[in-house]
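One structure below.
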Amino acid sequence: MMQAYNPKTIEKKWQDIWEKEKAFATSQDFTKPKYYALIEFPYPSGQGLHVGHPRPYTALDIVARKRRMEGYNVLYPMGWDAFGLPTENYAIKNHIHPRIVTENNVKHFTEQLKMLGYSFDWEREVNTTDPAYYHWTQWIFLRMFKAGLAYKSQMPINWCPSCKVGLANEEVVDGCCERCGTPIYRKQQTQWMLKITEYADKLLEGLDQVDYPERVKASQRNWIGRSTGAEVDFALKDTEDKLRVFTTRPDTLFGATYMVMSPEHPYIAKYAERIQNLEAVKAYQEEAAKKSDFERAELAKDKTGVELKGLTALNPATGKEIPIWISDYVLMSYGTGAIMAVPAHDSRDWEFAKVFGLPIVEVVAGGNVEEEAFTDVQSGTMVNSGFLNGLEVEEAKKAITAWLQEKGLGTPKVNFKLRDWVFSRQRYWGEPIPIVFCEKCGTVPLPEEQLPLLLPEVDSYEPTDDGSSPLAKMTDWVNTTCPCCGGPARRETDTMPQWAGSSWYYLRYTDPKNESCLASPEALKYWLPVDWYNGGMEHTTLHLLYSRFWHHFLYDQGSVPTEEPYRKRTSHGLILGEDGEKMSKSRGNVVNPDELVDAYGADSLRTYEMFIGAFEQHAAWSTEGLKGCRRFLERVWKLGDMLQDGEGYSPELETKMHQTIKKVSNDFETLKYNTGIAALMALVNEFYRVKHITKGEFRTFLLLLNPVAPHITEELWENAGFAGHCYHQSWPVYDEAKTVEDVIELAIQVNGKMRGTVKVPREAEKEAVLAAAKEALGDKLSGTLLKEVYVPGRIVNFVVKP
RNA sequence: GCGGGUGUGGCGGAACAGGUAGACGCAAGGGACUUAAAAUCCCUCGCCCUCACAGGCGUGCCGGUUCGAGUCCGGCCACCCGCACCA
């Protein structure tokens, strides 16, 4: 009888051995087959890890450990996405430098991760706040600037009055700041922008060549929001001017009975003199400006607007004079900021027309436009549309577009919902933007040799109410000389958003200490693309899209060898609190991994997190369930007591062994960790049932369990006197032929209902099986036999008429 | 509204490619061991009827295909997530 299972001592013991032996260091041998497994690097918050973190980390740790045993050179790195607001806010509140806060948090996270026994290559740790790292973040920015993809723009931004920072559209949720929940409002400010829209099509097309879950691809496509249609010019009556609109339904042009401009449309000022009801118009504009985007959307139900009296347009198809309205249901930021309204075939226009009594003219037959807008494009025939009459919608689109082009009235056009990325933050704890403003030379990029541009020490990290960065107060730093002419110049004082550093970190892991480039071409060529990238669904439209954009750009620059960064992406489900609600401090349902590891051990926690349920689905925490996994490992621990000599598998377990190797091998590849572990539990139950285990069986079992529970398996391996360590061994192989029993139990049905079973040799002839089945049924089989169904290895079914 | 997903015991969840629904685990009940408790071990565990055997019902609902449907097809319902006056 060996000692009791004590995870505390054995886990520490093996973690020390792995560290000392550099057990999981990535090989520099580029001739070996490679495998790059990546998990999203964490933001080192003050709270430390919660039980949600280990789920994806363990999942890919299993893959990484298995791949090493299969002979791959594995890169499984870890790092820190350490710039960001919470650290800065904590620093402000407690008067500590954010760098110190970050160091402490990173230290805490590192201890926690090491305590869980992950096989990360800690030699390749990266930290986005390290100047040696953000050197290259700045470098990429400069490259974008030189390529014309980074530009400064005076524009309304999403301003969070609490964080005192401008936000990207992606960071605004329900009109509120994603971080603090404060309602945002629009504020005019000069901002750095990245032209992600230039890559909209590439980002869309790239999705076809990668292995992402459908829901991830769908949200990216939806976010990019490509729509095809046409731009059409409507002449303004009694002017030389035209009002341009974008429409996806040029086929309905004959039904355009009025037009609507956004309240921000420049024509309102341009034609102010003509507008007879200018006061009412201005009042409406002011009202609209006061509303946040959120309020605009919330009040969407009721259409409001004002007609521009004195300014009308001509429908190019009908030649009829039609009124122009302004309404906040038309957005200045999409299309041309103006629309042609076709109330019969657009539900928003229909509602507006009903409110203001505007004419509704049906041009696609098939619905009842008095009741509701008919928006179907699949069925329906053109009517009231001159030369389009009788055509189907799709044909009409082509015909009218050709006609518009011929007459010089319009052109085909593609629009995207995707907007350029607001890249400035008026904050301290971020990468300085390496740009200088010179009166003579204008906006000047810092020469690459001057990188990294270090974040200067400041007295206060407080953001300013006027919207300028804390760096603006550092006059010593701000005032500099122009790299171009040597004259006086000022530095850009905004910093980059947190998304910058995380947009390329996976590249740095391949060559983390390189001082002359972001990573050597040899390393990139060998390691890219990332073979498997797991992360949260919440990063699907932000991080994942941004990093793909940077990667496509770097590919165009010749800096990386692949178009797409990630070959395969998976998303883990959240771990919810025991109450089934999302874990949060305010709900008080947060579970701390430190206490769990202390009470049950890292191997138990790892096993439970993988056993908790389907990996891609959310799962509620259960400490009872964790205890069950600890119980399983206790049973594993005691297998040693039943150990018998024998290198092979005992006859009664041979099939089960081969089946289990097959099942576990497959399940660990396909995110089905829960059933893989279930198979290992079932195998242990078998060992207990037969009350013995051969050395050969024990070896195989330990190796299969090793990626999940690495500490206990190494300890048992050593205790059993096996040579070397588990992590030196090859992954067990199975013989397909031996995964099937020689004698199988067949189900027997009568008229499709289960009526019994029969044991027959696997290779038995049909006649023999049917005879055996009949005998097994006995007098349960009565009536006229109509049909006998025998599917070898599956089922026997007798169809009878009673 | 658009897009994606999910519905199976008291619970988390299994079920290859249409072939014995409920693997594995949790909880619960019973028993053994113990002065006792914990731990451990053994048994039971979808619902109804039955002492038991046998039987009937059962994978959100209705219908279809099939010898046979949790799985395929058609039509619904409910819930969750993402996006949303994007023209």
Side-chain angles (χ1 to χ4, degrees), chain A residues 4 173 213-223 225-227 229 245-249 252 260 262 293 296-303 327-331 333-342 345-349 351-352 375 415-419 537-538 540-541 573-574 580 607-608 611-614 616-629 631-632 634-635 638 662-663 666 672 674-685 688 745-757 780 786-800:
Chain A
V173 177
E214 194 47 45
R215 56 181 176 159
V216 171
K217 287 190 182 184
S219 357
Q220 292 224 344
R221 288 197 185 103
N222 190 19
W223 193 264
R226 185 179 202 272
S227 54
V245 302
F246 172 71
T247 177
T248 55
R249 297 292 306 275
T252 61
V260 187
S262 158
D293 272 5
R296 272 198 183 192
E298 272 302 281
L299 299 171
K301 287 84 209 164
D302 306 310
K303 294 281 181 290
S327 172
D328 61 9
Y329 84 89
V330 175
L331 307 174
S333 49
Y334 184 78
T336 64
I339 60 153
M340 65 177 209
V342 185
H345 305 289
D346 179 286
S347 48
R348 295 151 302 183
D349 298 344
E351 282 168 34
F352 191 84
T375 56
N415 258 320
F416 296 92
K417 284 188 210 170
L418 186 70
R419 310 293 158 79
M537 270 310 281
E538 70 273 23
T540 301
T541 46
L574 295 177
T607 306
Y608 176 59
F611 187 63
I612 192 168
E616 301 203 273
Q617 263 154 44
H618 299 195
W621 181 261
S622 156
T623 302
E624 290 305 318
L626 170 62
K627 283 186 198 168
C629 289
R631 231 170 268 155
F632 163 63
E634 295 276 1
R635 277 163 72 76
K638 282 186 250 167
K662 182 181 180 180
K663 173 109 186 105
N666 291 340
K672 297 167 90 176
N674 53 338
T675 52
I677 290 167
L680 290 169
M681 289 174 169
L683 182 59
V684 169
N685 293 345
Y688 274 83
E745 195 185 41
L746 273 187
I748 313 172
Q749 297 182 336
V750 176
N751 288 343
K753 297 208 184 218
M754 262 293 289
R755 281 298 179 265
T757 59
K780 282 188 213 164
L786 298 178
K787 190 173 179 182
E788 296 168 328
V789 179
Y790 169 50
V791 183
R794 298 246 189 258
I795 204 137
V796 174
N797 189 11
F798 296 111
V799 186
V800 297

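Throughout, protein chains are lettered first and strands after them, A, B, ... in sequence-line order, and every chain is numbered starting at 1.
We find that CE of M340(A) is positioned 20 Å from P of C85(B), with the value rounded to whole Å. Atom-to-atom, CE of M681(A) to C1' of C24(B) comes out at 7 Å; the value is rounded to the nearest Å. Computed from coordinates, the E624(A) CD to A27(B) P distance equals 5 Å when rounded to whole Å. Spacing between atom CE of M754(A) and atom P of G55(B) amounts to 10 Å, rounded to whole angstrom units. Here U40(B) presents its P atom at 15 Å from CZ of F632(A), a figure rounded to the nearest Å. In this structure, I677(A) atom CD1 and A23(B) atom C1' are separated by 14 Å, rounded to whole Å. Separating the CD atom of E351(A) from the P atom of A87(B) is a distance of 16 Å, rounded to the nearest angstrom. Look at CG on L626(A): it is 16 Å from C1' on C24(B), rounded to the nearest Å.
Residue F798(A) is tested with N751(A), L786(A), I748(A), V789(A) for a side-chain contact (heavy atoms from CB on, under 4.5 Å); the sole match is I748(A).
Rounding to the nearest 0.5 Å places CD of Q749(A) at 9.5 Å from CZ of R755(A). Annotation: the span from F611(A) atom CZ to F632(A) atom CZ amounts to 9.0 Å, rounded to 0.5 Å.
Across all strands shown, U44(B) is found opposite A28(B) as a Watson-Crick or G-U wobble partner, with both distances under 3.5 Å. Nucleotide U34(B) has no partner under the Watson-Crick or G-U criteria, as no pair reaches both atom distances under 3.5 Å. Pairing partner, U50(B): none, since no Watson-Crick or wobble contact has both distances short of 3.5 Å. For G3(B), the paired nucleotide is C81(B), the pair qualifying as Watson-Crick or G-U wobble because both relevant distances are below 3.5 Å. Across every strand in view, G13(B) sits unpaired, with no contact that passes the Watson-Crick or G-U test at under 3.5 angstrom. For U71(B), there is no paired base (Watson-Crick or G-U wobble, both distances below 3.5 Å).
A distance of about 8 Å separates the C1' atoms of G56(B) and C49(B), rounded to the whole Å. Distance noted for atom C1' between C33(B) and G70(B): 43 Å (whole Å). For the P atoms, the distance linking C57(B) with G7(B) amounts to 25 Å, nearest Å. Nucleotides G18(B) and G64(B) place their C1' atoms 15 Å apart, quoted to the nearest Å. Using P as the reference atom, C16(B) and A54(B) are 28 Å apart when rounded to the nearest Å. C53(B) and C45(B): their P atoms are spaced 10 Å apart (whole Å). Look at the C1' atom in both U8(B) and G29(B): the space between them is 24 Å, to the nearest Å. For the C1' atom pair drawn from G30(B) and A21(B), the interatomic distance equals 27 Å after rounding to whole Å.
Checking N685(A) against R635(A) by side-chain atom types alone, a donor-acceptor pair falls below 3.5 Å. Of the N and O atoms on the side chains of Y329(A) and D349(A), at least one donor lies less than 3.5 Å from an acceptor on the other residue.
Of all nucleotides listed (U20(B), A14(B), A87(B)), A87(B) comes nearest to the side chain of F246(A). Nearest nucleotide to the A682(A) side chain, out of C24(B), C85(B), C83(B): C24(B). The T757(A) side chain lies nearest to U20(B) when the options are A14(B), G25(B), U20(B). Among A23(B), A27(B), C85(B), the nucleotide with an atom closest to any side-chain atom of K303(A) is C85(B).
At a threshold of 4.0 angstrom between heavy atoms, the contacts of K672(A) are confined to the sugar-phosphate backbone, with no base atom among them. At the heavy-atom level, N685(A) lies under 4.0 Å from the strands shown only through sugar-phosphate atoms. Contact annotation for A614(A): backbone-only contact, meaning every heavy-atom pair under 4.0 Å involves sugar-phosphate atoms and none involves a base. Residue contacts for S347(A): at a heavy-atom cut-off of 4.0 Å it reaches no nucleic acid atom on any strand shown.
Base orientation at G29(B) is anti, since its O4'-C1' glycosidic dihedral falls outside 90° of 0.
With hydrogens and angles ignored, no donor-acceptor pair closer than 3.5 Å exists between the side chain of K627(A) and the base of C26(B).
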Could you run down the sub-3.5 Å N/O contacts of the protein with nucleotides 62-70 of chain B?
{"from": "C67(B)", "atom 1": "O2'", "to": "N797(A)", "atom 2": "ND2", "distance (Å)": "3.1"}
{"from": "C67(B)", "atom 1": "O2", "to": "N797(A)", "atom 2": "ND2", "distance (Å)": "2.5"}

Distances under 3.5 Å between protein N/O atoms and the N/O atoms of nucleotides 56-58 of chain B, please, pair by pair.
{"from": "G56(B)", "atom 1": "OP1", "to": "R755(A)", "atom 2": "NH2", "distance (Å)": "3.2"}
{"from": "C57(B)", "atom 1": "OP2", "to": "K753(A)", "atom 2": "NZ", "distance (Å)": "3.2"}

Between the protein and nucleotides 41-46 of chain B, are there any N/O to N/O pairs under 3.5 Å, and if so, what are the atom names and distances?
{"from": "C41(B)", "atom 1": "OP1", "to": "R635(A)", "atom 2": "NH1", "distance (Å)": "3.0"}

What nitrogen or oxygen pairs link the protein and nucleotides 3-12 of chain B at under 3.5 Å?
{"from": "G12(B)", "atom 1": "O2'", "to": "I612(A)", "atom 2": "O", "distance (Å)": "2.7"}

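Mapping G335(A) and N674(A) onto RNA chain B via the closest heavy atom, the residue that lands nearer the 5' end is N674(A). Annotation: of the two residues near RNA chain B, S622(A) and T247(A), the 5′-most nearest-nucleotide partner is S622(A).
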Where do Y608(A) and W621(A) land on the ring-ring contact (aromatic ring centres under 6.0 Å, His included) test, with the steps shown first?
-> CA-CA 10 Å; Y608(A) 176 59; W621(A) 181 261; 5.0 Å; yes
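Using a 4.5 Å heavy-atom threshold, the side chains of K417(A) and W223(A) count as separate.
An OP1 or OP2 oxygen of G82(B) is reached within less than 4.0 angstrom by no side-chain nitrogen or oxygen of T541(A).
The residues E214(A) and R221(A) are annotated as salt-bridged, a charged nitrogen and a carboxylate oxygen being separated by less than 4.0 angstrom.
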Please tabulate, one pair per line, all N/O donor-acceptor pairs under 3.5 Å involving side-chain atoms of residues 677-684 of chain A, not counting sequence neighbours.
none

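Q220(A) is linked by a side chain to side chain contact (heavy atoms under 4.5 Å, CB included) to L207(A), T540(A), L544(A), L545(A), R548(A), counting only residues two or more places apart in sequence or in another chain.
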